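Data block below; observations after.
From a predicted model like this one, the values you see are computed outputs, not experimental measurements. Reminder, nothing fancy here: chain letters follow the sequence lines and each chain counts from 1. The basis for the numbers below is simple: all heavy atoms, side chains too, and nothing from hydrogens, waters or symmetry mates.
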There are 2 protein chains.
Amino acid sequence: MATSEKRQEILHAALELIAEHGFHDAPIAAIAERASVGAGTIYRYFENKDVLINELFQALHDRICAGILKGYAPDSSLRERFVHLSTALLRYFIDNPLDFRYLEQYHNSPYGVAFRRDRLLGSEGNGDLYRSLLEEGVAQQIVKDLPLVVLFALAFGPLLAVARDHILGFVELDASLIAQTVQACWDGIKR
Amino acid sequence: MATSEKRQEILHAALELIAEHGFHDAPIAAIAERASVGAGTIYRYFENKDVLINELFQALHDRICAGILKGYAPDSSLRERFVHLSTALLRYFIDNPLDFRYLEQYHNSPYGVAFRRDRLLGSEGNGDLYRSLLEEGVAQQIVKDLPLVVLFALAFGPLLAVARDHILGFVELDASLIAQTVQACWDGIKR
DNA sequence: ATTCGCGGAGTGAACATTCATTCCGGAAAA
DNA sequence: TTTTCCGGAATGAATGTTCACTCCGCGAAT
């Protein structure tokens, strides 16, 4: 097995176990076993568990940004761009429930808060995209004149909630329901 | 110290520590210390840590239900009732950040998923109230005809998100902002 | 004197991390 | 070609730490 494959195996095993059981019920030993690797080997690729967790987050983040930008038309109307991004994001989560669950774990932990703070002040791939979208909407008076954070909450809050409910099996989101949900989010933020 | 006071002290210490640091960084020893109680004493009041965590959740849940029902006018219009409940809930969270953080921890853990499943199928104090409110809205064609879960997501998702952001210090929610947020939630679910 | 609530040291299990050792592939020596 | 040697990747038992939980002796109350 090539050395980079081993690294991937470890990341994938960590994704599965942490997404399913949470950070604290995913001991290194279990990750190693699922990756078919010795426990010590993990430390040849990652300095410690924290680094592993953070690198995995970064990898997922990048993957998602790439995913939702596929087919993005930067010149379409504000509303169309919003709908595209939101729909793509929701779809991505539905298609990649492990990724979603991992990101949720990450955000609801000390790891996530620091990240979130950064995103709001500095900037970052996909957050930035949404951010300028919303700012543009406010400037054009298409979107309610509320603080960015509140707009984020109105746009993302429901999205994440329905994604979670779908993944936990409380709803079955089909194409129509996805579209209606995204539309409702838009109704929430538009003037 | 009366024996029931001791019980309260333990619950309060657990609330503080778990809200601040999470379940896994709130060891029994620390809870005991903050409650000015021996570690063993905790086990005189709670069979084990899980029981403590669940009882604390129940207590907070009851407190919130009582809180948001204050001043509730069951005969006002659907929209007014929605606004009252949502505003009261958001206010409660803002005024009791520890409660909010605890509940978030709880929901984003194996504990919470079981609870959520119950609420959707069976019924429960405050969830039930919202539930019949939304169902009534759908029946009267005031509210979008979407699955209950999705409506919940649209109504609560943003609320929880802004509460979190306020508590983490990313926004300062004043009365006006609260009202606007609740209004935006209503815009999201109304037809 | 007897009971009872209490404290906190003690216990064993689980965990992240380390490190002495094994293993393997390829280069050098024969 | 065959054998020997070597560097470093991989390993998993050992280590030290942390935790939930137990247990036993103490002091207060009766």
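- What separates CD1 of A:I53 from C1' of C:dC15 is a distance of 13 Å, to the nearest Å.
- Side-chain contact check for A:S132 and A:E135: no donor-acceptor pair (N or O, by modelled atom type) lies under 3.5 Å.
- When the P atom of D:dT18 is taken as reference, atom CD of B:E33 falls 15 Å away, rounded to whole Å.
- Of the candidates C:dC6, D:dA10, C:dG7, the closest approach to any side-chain atom of B:R44 belongs to C:dC6.
- Here B:I28 lies in heavy-atom contact (under 4.0 Å) with sugar-phosphate atoms only.
- Mapping B:G38 and A:Y43 onto DNA chain C by nearest heavy atom places B:G38 closer to the 5' end of the strand.
- Between C:dC6, D:dG12, D:dT11, one nucleotide has an atom nearer to the side chain of A:A39 than all others, and that is D:dG12.
- One atom, NZ of B:K6, and another, C1' of C:dG7, lie 9 Å apart when rounded to the nearest Å.
- Counted by atom type alone, A:R79 and A:Q183 present one or more donor-acceptor pairs between their side chains at under 3.5 Å.
- The distance between atom CD of B:E9 and atom P of C:dC6, rounded to the nearest whole Å, is 13 Å.
- Atom-to-atom, CD1 of B:I31 to P of D:dC19 comes out at 11 Å; the value is rounded to the nearest Å.
- Computed from coordinates, the B:D25 CG to C:dC15 P distance equals 15 Å when rounded to whole Å.
- A donor atom on one side chain and an acceptor atom on the other are found under 3.5 Å apart for B:S176 and B:Q180.
- Between the side chains of B:Y111 and B:N54, no donor-acceptor pair of N or O atoms lies under 3.5 Å.
- The distance from atom CD1 of B:I42 to atom P of D:dC23 is 18 Å, rounded to the nearest whole Å.
- Under 4.0 angstrom from either OP1 or OP2 of C:dC6 there lies at least one side-chain N or O belonging to B:Y45.
- A close approach under 4.0 Å does not occur between any side-chain nitrogen or oxygen of B:K49 and OP1 or OP2 of D:dC21.
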